[in-house]
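Read through the structure below, which is laid out as structure tokens, and then see the notes.
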Amino acid sequence: MKMKRRDFLGAAAAGAAGTAVAATTGGLGRKKRPNIIYMVVHDLGRHFSPYGVPIDTPNLQAFADGGIVLENASCAAPPCGPSRACCMTGEYAHTNGVTGLLNHGSLWSLSTNRKTIVDYLNAAGYETAWAGFQHERDHFEDNHYQINLPHRKTKENTDVFIENAVDDAIGYLESRRDSSRPFYLNIGTQEVHESMWGPHAFYTKRFDRPHNLYGIDPLDEVHVPAHCPDNRKSREMFARFVPCIRYMDSQFGRLVAAVDRLGLRENTLFVFTTDHGVVASRAKSTVYERGMEIGTIIQMPGVIKPGDRMKELVNNIDILPTLLEMAGAAGSSEVQGRSFWPRLCGDKYTPTKAIFTERNWHENYDPVRTVRTDRYHYILNLHPHAKRHLLPAEILSHPNPVLRESWPNHRVAFGDFDQPDNPYFRFFGQRPREELYDLQNDPEEFVNLAADPAHSKIKTELAALCDDWMRTTKDPILDGPIPGTDRIRQVVAGRMNRAATLSADQLGNLRD
């Protein structure tokens, strides 16, 4: 399993070189270059039926049955903006500069000088179009798409609803006049983000849309995943979340039906993916497995074997070079991802031995670096005052009855660790600097093996690999903390000040 530094560097070089070769040979050798449809949804992780979750998502299930399911795909950075920027550039967050959320300050808007798949495909003669939502740049005009579809009129008038994104995407597909050019269509939607279905429902209020539009399932019928405590909070949240997933699935079905009706399926690579894990305890915003996991399904008739399951490791920075190789489009030396196109085609493929993920800013500053192999997950916590995320059993057995029925880990996701004595953290212990999990025997990462002598060798190897990765990619955190913005510091300080005035019971009731 041991991966030496030269193996890591060789893998990175292979990714860039493979894309360059594709520019001269063509990814498929077809006379007519293939189209690409890429759809990304918020906050879904792998929480849908093709991944064994008992949720009725028939359209995604049928799509999976007709294509390949990536079982071990992860994002390079778990917050939504950084994850999407990594996927669009093929670069790590600390390389492309998107180390925090776009809505927390323009510091984290992807530079217009940073190339994305749109730029590469524009240069290759593709028509590029965008429908719905994006989370990479301040203004949609800066994204370099040739066609921006109607619901994206201004930054202030951003329609994020999936039915409109799908309507616009279908309208584009129906009205294309130059069928001789291949197209790249990117479709983003805010569903299934909590702001759509949560009790406070930010976007539903902003657009006068009922917060229970998607429905609310009976609490006693809700499936609670193992990484969450089976308590009132979990059941209330998943009772709202799952109906939104089903709604998203129905809209995805409309898109698939239109692609078939228009006769586009045979010459189109169709990608459905997610940006990071679900909104839940020890999931979204963390670098635990349930935070960094992404669901990804890819179809292309006659090329990708229906019903295939890819168990090899994939990082979402690998998606860009994969699409470019398929399209026969040139990449650049800036791309850090590695194409897995040969694996999709059933050709000879050498699996990636390790993938890397980072966290910097989300709702707080919590810098973390991780290495994930096919069996082990090493986590390096870089904030000296970081607090632990409580395990489900610890929550359910907590002496505070309010915490027993809540998601107290959201306090860790929102808190300012530079105020370690703040009463906000009274329920949380210190997080260890290193964590190590055996995913084969402990898939939910409940047992930290970092201090276990029996695992000292593997921890040392992965720690060295993590250090090599950080140095090779010139990770700025090696020179000190990654700066935030005035806006995010005000947001975090406001939460901390409010939390400091709360009693122990009230703290458990603080709205997530």
Side-chain angles (χ1 to χ4, degrees), residues 43 45-47 51-55 78 194 197-200 216-243 245 276-293 363-364 366 377 379 381 386-415 417 422-432 435-439 441-452 495 499 502-512:
D43 290 17
R46 300 182 196 141
H47 200 75
Y51 289 92
V53 179
I55 296 176
E194 185 193 353
W197 51 264
H200 52 288
I216 302 175
D217 285 353
L219 298 189
D220 60 353
E221 297 178 9
V222 168
H223 166 71
V224 178
H227 59 90
C228 291
D230 190 349
N231 60 14
R232 174 186 54 82
K233 178 70 172 180
S234 291
R235 290 190 171 272
E236 288 181 349
M237 295 295 275
F238 281 96
R240 293 174 178 271
F241 178 45
V242 171
I245 295 173
H276 48 65
V278 300
V279 178
S281 187
R282 297 180 89 242
K284 178 183 176 177
S285 186
T286 76
V287 293
Y288 293 115
E289 187 74 357
R290 301 300 167 237
M292 53 190 269
E293 69 179 13
E363 298 294 339
N364 63 353
D366 185 6
H377 189 191
I379 299 174
N381 295 299
K387 300 299 181 180
R388 289 186 62 239
H389 293 264
L390 300 179
L391 302 178
E394 293 175 316
I395 296 171
L396 293 174
S397 63
H398 201 282
N400 185 310
V402 176
L403 262 70
R404 288 200 300 270
E405 294 298 324
S406 68
W407 280 356
N409 286 330
H410 277 204
R411 319 298 171 248
V412 178
F414 288 166
F417 299 145
N422 193 297
Y424 194 76
F425 291 130
R426 63 173 69 102
F427 301 115
F428 305 94
Q430 188 77 9
R431 194 187 309 167
E435 299 174 65
L436 177 68
Y437 298 98
D438 180 349
L439 299 174
N441 296 309
D442 179 25
E444 301 301 335
E445 300 176 312
F446 290 162
V447 181
N448 181 11
L449 301 172
D452 180 5
R495 288 196 182 106
L502 299 174
S503 68
D505 283 352
Q506 288 173 322
L507 180 60
N509 280 326
L510 185 65
R511 187 173 71 185
D512 292 325

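In this chain, numbering begins with 1 at the start of the sequence shown. Quick caveat, the model's predicted, so the values are computed rather than measured.
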Check your understanding: What orientation do His398 and Phe427 show, parallel under 30°, tilted 30 to 60°, or perpendicular over 60°?
Key ->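 His398 vs Phe427 ring planes: perpendicular.
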Check your understanding: Parallel, tilted or perpendicular: which describes the rings of His47 and Phe238, with under 30° parallel and over 60° perpendicular?
Key ->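 Answer is tilted, since the angle falls between 30° and 60°.
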Got a donor-acceptor contact below 3.5 angstrom from the [X] side chain to the [Y] backbone?
| X | Y | result |
| --- | --- | --- |
| Glu405 | Arg232 | yes |
| Ser234 | Pro229 | yes |
| Arg431 | Arg388 | no |

Flag side-chain contact, heavy atom, 4.5 Å: [X] against [Y]:
| X | Y | result |
| --- | --- | --- |
| Arg290 | Pro443 | yes |
| Ile55 | His223 | no |
| Pro392 | Asp230 | no |

Exercise for review: Given side chain to side chain contact (heavy atoms under 4.5 Å, CB included), test Phe428 with Asn409 step by step and report yes or no.
Suggested key: CA-CA 9 Å; Phe428 305 94; Asn409 286 330; 4.1 Å; yes
**Study point:** Listed partners of Tyr437 passing ring-ring contact (aromatic ring centres under 6.0 Å, His included), at least two apart
**Key:**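 ring-ring contact (aromatic ring centres under 6.0 Å, His included) check on Tyr437 returns nothing, list empty.
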Review point. Quick one: ring-ring contact (aromatic ring centres under 6.0 Å, His included) partners of Phe417, sequence neighbours excluded?
Key: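 ring-ring contact (aromatic ring centres under 6.0 Å, His included) check on Phe417 returns His383, Phe425.
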Check your understanding: Is the shortest side-chain N to carboxylate O distance from Arg282 to Glu445 below 4.0 Å?
Key ->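 Looking at Arg282 and Glu445, the cut-off is not met.
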